[in-house]
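Okay, structure first, notes after.
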Amino acid sequence: MTPELVERLVAAVGRDQVRLGPAELDLYRRDASNIVGAAGAVVFPGSTVEVQACVRACADHAHPFVARGSGTGLSGGATPLDGAVVIAMTKMNRLLSVDPVERRAWVQPGMLNLDLSRAVAHLGVHFAPDPSSQQSCSIGGNVANNAGGPHCLADGVTSAHVLAVEVVLPDGSLVQLGGEADEVDGYDLRGAFVGSEGMLGVATRVCVRLRQNPPAVRTLLMDFTSVHAGAETVSAIIAAGMVPAALEMMDRLCIEAVEAYVHAGLPTDAAAVLLVELTGLPAAVEADTAAVADIGRAHGARQVRVAADDAERALLWKGRKSAFGAIARIKPNYYLHDTVVPRSQLPSVLDTIYRIVDQHQLLVLNVFHAGEGNLHPLLVFDKREPGVMERVHAAGEEIVRVSVAAGGVLSGEHGIGLEKREFMPLMFGPADLAAQRELRRAFDPAELANPHKVLPSPATCGDIHAAPEGAWI
Amino acid sequence: MDLSAFAAEVGDHGPVTVAGLGTRGGAVAGVRAVSPPSGIERIQPEEMTVSCAAGTPVDDLVAALAEHGQTVNLPAGGTVGGALSVGRSDYRLLGYGPLRDVLLQMHYVSASGEVVMAGGPTVKNVSGFDLCRLFVGARGTLGFLGSVILRTRPIPTHSAWFRIATADPRSLLAGLFRPISVLWDGEHADVLLEGHPADVAAQAAEFALAPCEQPMRLPTGRRWTASLAELVASPPDTRPFVALVGTGVVAGDGIGDGAAAPGMTGGPDAARHQALAAAVKHRFDPEHRLNPHRYSHGNGDSGSGART
Ligand SMILES: Cc1cc2nc3c(=O)[nH]c(=O)nc-3n(C[C@H](O)[C@H](O)[C@H](O)COP(=O)(O)OP(=O)(O)OC[C@H]3O[C@@H](n4cnc5c(N)ncnc54)[C@H](O)[C@@H]3O)c2cc1C
């Protein structure tokens, strides 16, 4: 950081909104992954104009910058490299406008996901993407990572709920991508921006689609004596032509941990439980609830528990959503993976994951979006154990490879960031990666926005910047 | 699917245009035309996906999927590649979501004649940049689609159109639960409801909707965007128009007048938006050889061709 750049940032946002002290810089060296970088400065803009001024300052000094939401990302997306300026969006957290007729809202990117749904609840609508981190993650982070959540099975992940994004481009200029309508002519630059992990610019306003709350909801919990039976039930439900609002699975170790933590009445002797939620109009919900229960029983479900009321439903969901809190009872540290496989491959890939984890003498809890084949193996460990990190990384790498080999993909919702950058060639050939880089350069020819993420760079391979502390390879 | 012959045909120099079935404006006149392969590769109802070549007729695909109880959210007619490249949803936009959300993976032939893959085979995927959405609606100006994997959906158990006379469809939008379509021409609203027959009947009864055989025709010419409040307060004087209520899209007859859809570029930044789209075009097709003249400022259309 040159003094000139610092002065430009101070001029942009005011002295008290530029942080340079070691303690504060330390807080912004990483996201929720264990990949650590180094920030040159942290700035807290309060408006689009201030974001533009910060970005322009960085551009003029050819200095990298990283937009940051709440820092709950799990792939190192918000980890600053090369002393990048961290542009923290936390102060820009307001709901700007709501159109209750056409069901859309303009929000600032720092607004927290759950705050948005709460703010519009009185209108009978909600923002559909509901990451398990929804109490703390930001809409801007959701947009940048194209976040998903348990309730994205029927309605799709973030991209399906974002109509327009106002973006400060890496040269400091401002554009609006997309429009308020569901479909506008021309290149879908909005679509290209969603999921671009902060590498195409900084989102400063987002127009989101709001969904009607369903008039009827049924939540079922089914338990199985084998993981296979649970996974086959998932495929059978989809094959029967039903698309539940949510279709989540937990395996035995996870059930035990969650039950000990929240006492939701989960059967701790089960090998797997499925949490299924059906929403919509009453007749369809009743018919589908019966059909799902029948499919479950036909696949050996021991018990089919249908939540009797909102309180029981909330309890079942609390079990699902507190899995991350619950695991602390088993081991102090965890590493959460995120891959997708075709639904039909779930049983065999889960078997392989158990074997991999055994071989590396680790423990795994599986709690995942089964309806989409989106696996979340959660490796738990105590990092004070010598050599354990090597085993965690080795097992993780095998899980990623097995998922892709089964016809799956590297990430379903957490993104590539730094964590999986070097795995991109498992899915993409040189021409495929070159095309992605062309998109990046069309937006950011100088490559200053969140550099070194997502795309493996042969040129910097082995370079110190390219392999931050905590990275896999 | 082997796309090497198609890639060789596209080659790496000289203007070239891609021809489908010619139902959506067709190939660019006076330019060497190539056709993508056609054929369905794999229907996987339990994954809710289908893979097929870009030249596959949409109607053939829909018929084949129906045998497996599935359908796909593509407008009828023409080829799969043509429907995706034009990128316009049909009357089901409100209930099924935009066309751009169906494309999971694509193999395309680039301006340099290479086969390039983007996206992934699964229904959920955030690995790398989302080139698939960028290509939907790009009118073949960034690359020519060769084969695709699409998201499918189960055919609903029951589906019916209804009609009601109304000068203000806002109460329908407010009250109906997730109608698949609400088309409004200033005087009538035609409503498509799907799902359990009892739910459909109850919703129709609640809003006094009368069954109707055939919905109003959706004009296939000009499209623009307008808020419902605006439309109700001052309906367009150019008839016919049909609003896809709840989506912000209005369809009319006639040829595109070249005006960008309002809301598309967000006002004062229009010039920067155009420059950005131009940069994307330049990166993917530096010599402007792919579907020449179809591209203008990211509008994907010079304003002269039929926008159907
Ligand atoms: C316990 C736990 C559970 C989780 N569960 C889920 C889940 O169910 N589903 C899911 O999808 N994810 C989940 N996540 C991951 C994470 O919460 C999401 O990726 C979330 O979208 C990140 O939001 P954030 O505000 O924390 O972003 P950050 O971590 O701050 O940033 C993430 C990326 O977004 C970019 N970014 C942030 N703001 C902007 C902006 N305004 N403009 C441009 N780029 C920006 C950053 O540069 C970075 O690349 C979970 C995380 C944790 C810790």
Side-chain angles (χ1 to χ4, degrees), chain A residues 101-102 145-146 148 156-157 160 173-176 179-189 191-192 194-196 212 215 235 238-239 241 243 280-284 287 340 342-344 372-374 407-413 415-416 424 427-428 431-432 435-436 438-439 441-443 454, chain B residues 45-48 69 88-89 93 97-98 100-101 110 114 116-118 120-131 133-134 136-138 154 170 173-174 177-178 195-196 198-199 223 225 227-229 246-249 261 263-266 269 272-273 276-277 279-280 283-284 298-300:
Chain A
V101 176
E102 312 225 27
N145 280 358
N146 198 8
V157 298
S173 59
L174 189 70
V175 290
Q176 178 186 307
E180 289 190 347
D182 278 334
E183 194 165 83
V184 292
D185 285 343
Y187 292 161
D188 185 12
L189 300 174
V194 177
S196 63
Q212 272 168 293
S235 285
I238 301 292
V243 186
L281 290 164
V340 187
R343 295 177 188 96
S344 55
E372 289 142 329
N374 189 181
V409 299
L410 296 170
S411 173
E413 51 183 29
I416 300 299
M424 286 286 276
M427 264 182 84
F428 300 106
D432 312 337
Q436 294 188 33
E438 292 301 337
L439 176 68
R441 288 186 177 151
F443 276 75
V454 181
Chain B
E46 73 287 359
E47 305 298 343
M48 296 204 300
R88 283 186 171 180
S89 302
L93 173 57
R100 58 182 185 247
D101 291 349
S110 71
E114 275 178 299
V116 178
M117 186 277 277
T122 53
V123 290
K124 199 174 185 187
N125 172 35
V126 295
S127 315
F129 293 140
D130 193 347
L131 296 183
R133 284 198 171 75
L134 181 65
V136 175
R170 280 177 290 186
L173 185 63
F177 181 71
R178 297 215 167 183
H196 194 287
D199 291 329
R223 273 195 182 192
T225 67
S227 84
L228 213 43
T247 71
V249 175
M264 184 181 126
T265 56
D269 55 21
R272 185 65 184 93
H273 187 280
L276 180 61
V280 171
R283 290 279 171 184
F284 282 83
N299 209 355

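In what follows, every chain begins at residue 1, and chains take the letters A, B, ... in the order their sequences are listed. Predicted, not measured: the structure shown is a model, and the values here were computed from it.
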message = Assess the residue pair B:Glu46 and A:Arg343 against the criterion (salt bridge (charged side-chain N to carboxylate O under 4.0 Å, His left out)); give the C-alpha distance rounded to whole Å, side-chain angles, the decisive distance to 0.1 Å, and a yes or no.
response = CA-CA 7 Å; B:Glu46 73 287 359; A:Arg343 295 177 188 96; over 6 Å; no
inquiry  = The test is side-chain contact (heavy atoms from CB on, under 4.5 Å); show your working for B:Arg88 and A:Glu183 and say whether it passes.
reply    = CA-CA 8 Å; B:Arg88 283 186 171 180; A:Glu183 194 165 83; 4.1 Å; yes
[options]: which one forms the most heavy-atom pairs within less than 4.5 Å of chain A?
options                      : answer
B:Val249, B:Asp101, B:Leu173 : B:Leu173
B:Ala279, B:Gly128, B:Ala174 : B:Gly128
B:Ala198, B:Gly246, B:Gly120 : B:Gly246
B:Gly195, B:Pro121, B:Ala229 : B:Pro121
B:Ser89, B:Pro98, B:Gly97    : B:Ser89

Select one option (side chain, backbone, both, neither) describing which atoms of [X] are under 4.5 Å from chain A's heavy atoms.
X        : value
B:Leu131 : side chain
B:Pro45  : backbone
B:Val123 : side chain
B:Glu114 : side chain
B:Phe177 : both
B:Ser110 : neither

Least distance between heavy atoms, [X] atom then [Y] atom:
X        : Y        : result
A:Gln176 : B:Asp269 : N-OD2, 2.8 Å
A:Ala283 : B:Asp199 : N-OD1, 2.9 Å
B:Thr225 : A:Val184 : CG2-CG1, 4.2 Å
B:Arg283 : A:Ala442 : CG-CB, 3.7 Å
A:Phe428 : B:Ala118 : CE2-CA, 4.4 Å
B:Val116 : A:Ala435 : CG1-CB, 3.9 Å

Using non-hydrogen atoms only, which part of [X] is less than 4.5 Å away from chain B: side chain, backbone, both, or neither?
X        : value
A:Val101 : both
A:Met427 : both
A:Ala287 : side chain
A:Val409 : both
A:Asn374 : side chain

Counting C-beta onward and ignoring hydrogens, is there a side-chain heavy-atom pair between [X] and [Y] closer than 4.5 Å?
X        : Y        : value
A:Glu102 : B:Leu228 : yes
A:Val243 : B:Met48  : yes
B:Ser127 : A:Ile416 : yes

Let's test your reading of the structure: which of [options] forms the most heavy-atom pairs below 4.5 Å with chain B?
options                                : value
A:Gly408, A:Ala431, A:Gly412, A:Pro342 : A:Gly412
A:Gly195, A:Ser344, A:Gly373           : A:Ser344
A:Leu189, A:Val454, A:Val194           : A:Leu189
A:Pro215, A:Ala192, A:Gly156           : A:Pro215
A:Gly148, A:Ala160, A:Pro282           : A:Pro282

request  = Indicate yes or no for a side-chain donor-acceptor contact from B:Asn125 to the backbone of A:Val340 under 3.5 Å, with no hydrogens or angles considered.
outcome  =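 Such a contact is absent between B:Asn125 side chain and A:Val340 backbone.
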message = Taking B:Gly248's backbone N and O only, do any of them form a donor-acceptor pair with A:Glu180's side chain (distance below 3.5 Å, no angle check)?
response = no
query = side-chain contact (heavy atoms from CB on, under 4.5 Å) between B:Leu134 and A:Asp188: does it pass, once the steps are laid out?
reply = CA-CA 5 Å; B:Leu134 181 65; A:Asp188 185 12; 5.6 Å; no
ask   = For residues B:Thr122 and A:Glu372, is any side-chain donor paired with an opposing acceptor at under 3.5 Å?
value =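 No - no donor-acceptor pair under 3.5 Å links their side chains.
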remark   = Output for pair (B:Lys124 NZ, A:Asn146 CG), nearest 0.5 Å, gives 9.5 Å
